[in-house]
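The structure under discussion appears below in the form of structure tokens.
Quick note: numbers below take in every heavy atom, side chains included, and nothing from hydrogens, waters or symmetry partners. Lettering follows sequence order; numbering is per chain, from 1.
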Amino acid sequence: METIDDIHKPYDYSALRFYVMALTVSGPGLTKIDEKIPGYVQNLKGVFVSVGCLTSAGKITGYLSVNFNGSAIKVLQLPVIRTNLLKDCSRPLPLNETIRPNSLLQGYYYDQTNGSAGYPYSLKIYLDYEPIKQPIETPKP
Amino acid sequence: MLPNEKPQQILLTISSIGQTVTIDQETDKLYKSVRGINVVQTDPNAQFSTLQFKIDEVEIFPENWEIIRIKYKEAAPFGYDYYPISQPAGGSRIKGTYIDRGNGVTYPYNVTISLMLVDKV
């Protein structure tokens, strides 16, 4: 059985691959997200969202709603908590999604800070992906 | 006699908002492996600055990777714990870029990137 120590075991960063998408929230309301996912990101294993504001009035800075393969039915929606409150629990949200070639990350971020965070602030979406496995060449007899 | 573990520190000084500092060093030749990394900043508000980091052309942290993800807890003794990585040392080339994102309150401030080296030769 997996123990809590196994679940919260620190990552080996050498074994993981991330792509970090950098966005800027420049004002209140909706921030549109429409970014291309690189071709080498094929199998998503996790998502982590980070907001670069220190002085927001509330714990939640906004709501994120994104889809990966142009599917309006399968949407990832989550409240974004101020990252400097997380510290030790900054593990990615587990996800297992195969990304089609030339896929876009589309959606929006709805700011809830009402200006208390100070604009602009950064919004970063960390995509934890599995690297493409190179085919092993078998020696010819 | 050398200890079996040794922290190798890379010290950066950030003197202005938005400064980009390039890292180009090599690991201690007397140790075979890098087992961990942590980062300490003298200005805790600068934790949303980014660090791209490679050891021997293997990308450990990609572009836009924020320091807050690898920073050690505030008020903890330095060197208390490291985020695990496993890369060969022994003179491996360390390359990286630290970009200040302007969240800092006091300039200049220092950034210490500490690598835990193990397995002495």
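Put simply, Leu78(A) and Phe68(A) are part of the same group of oily side chains (I, L, V, M, F, W, Y) that touch within less than 4.5 Å, one to the next. In this structure, Val49(A) is not a member of the same hydrophobic cluster as Leu104(A), with clusters built from ILVMFWY side-chain heavy atoms closer than 4.5 Å.
Contacts between Tyr121(A) and chain B at a heavy-atom distance below 4.5 Å are absent for every atom of the residue.
Phe48(B) has its side chain out of reach of Lys124(A): every pair of non-hydrogen atoms, C-beta onward, lies at least 4.5 Å apart. In this structure, the side chains of Ser122(A) and Glu66(B) come closer than 4.5 Å at one or more pairs of heavy atoms.
The 12-atom threshold is not exceeded at OH of Tyr108(A), counting heavy atoms of other residues, nucleotides or ligands nearer than 6.0 Å. Under a cut-off of 6.0 angstrom, the local environment of NZ in Lys45(A) is crowded, with over 12 non-hydrogen atoms contributed by other residues, nucleotides or ligands. Remark: Asn102(A) CG is loosely packed, at most 12 non-hydrogen atoms of other residues, nucleotides or ligands lying under 6.0 Å away.
Atom CG of Asn64(B) and atom CD1 of Ile125(A) lie 11.5 Å apart (nearest 0.5 Å). The distance from atom CG of Leu16(A) to atom CD1 of Ile60(B), rounded to the nearest 0.5 Å, is 10.0 Å.
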Quiz prompt | Chi angles and distances behind the side chain to side chain contact (heavy atoms under 4.5 Å, CB included) call for Glu63(B), Val20(A) | solution = CA-CA 7 Å; Glu63(B) 206 181 342; Val20(A) 188; over 6 Å; no
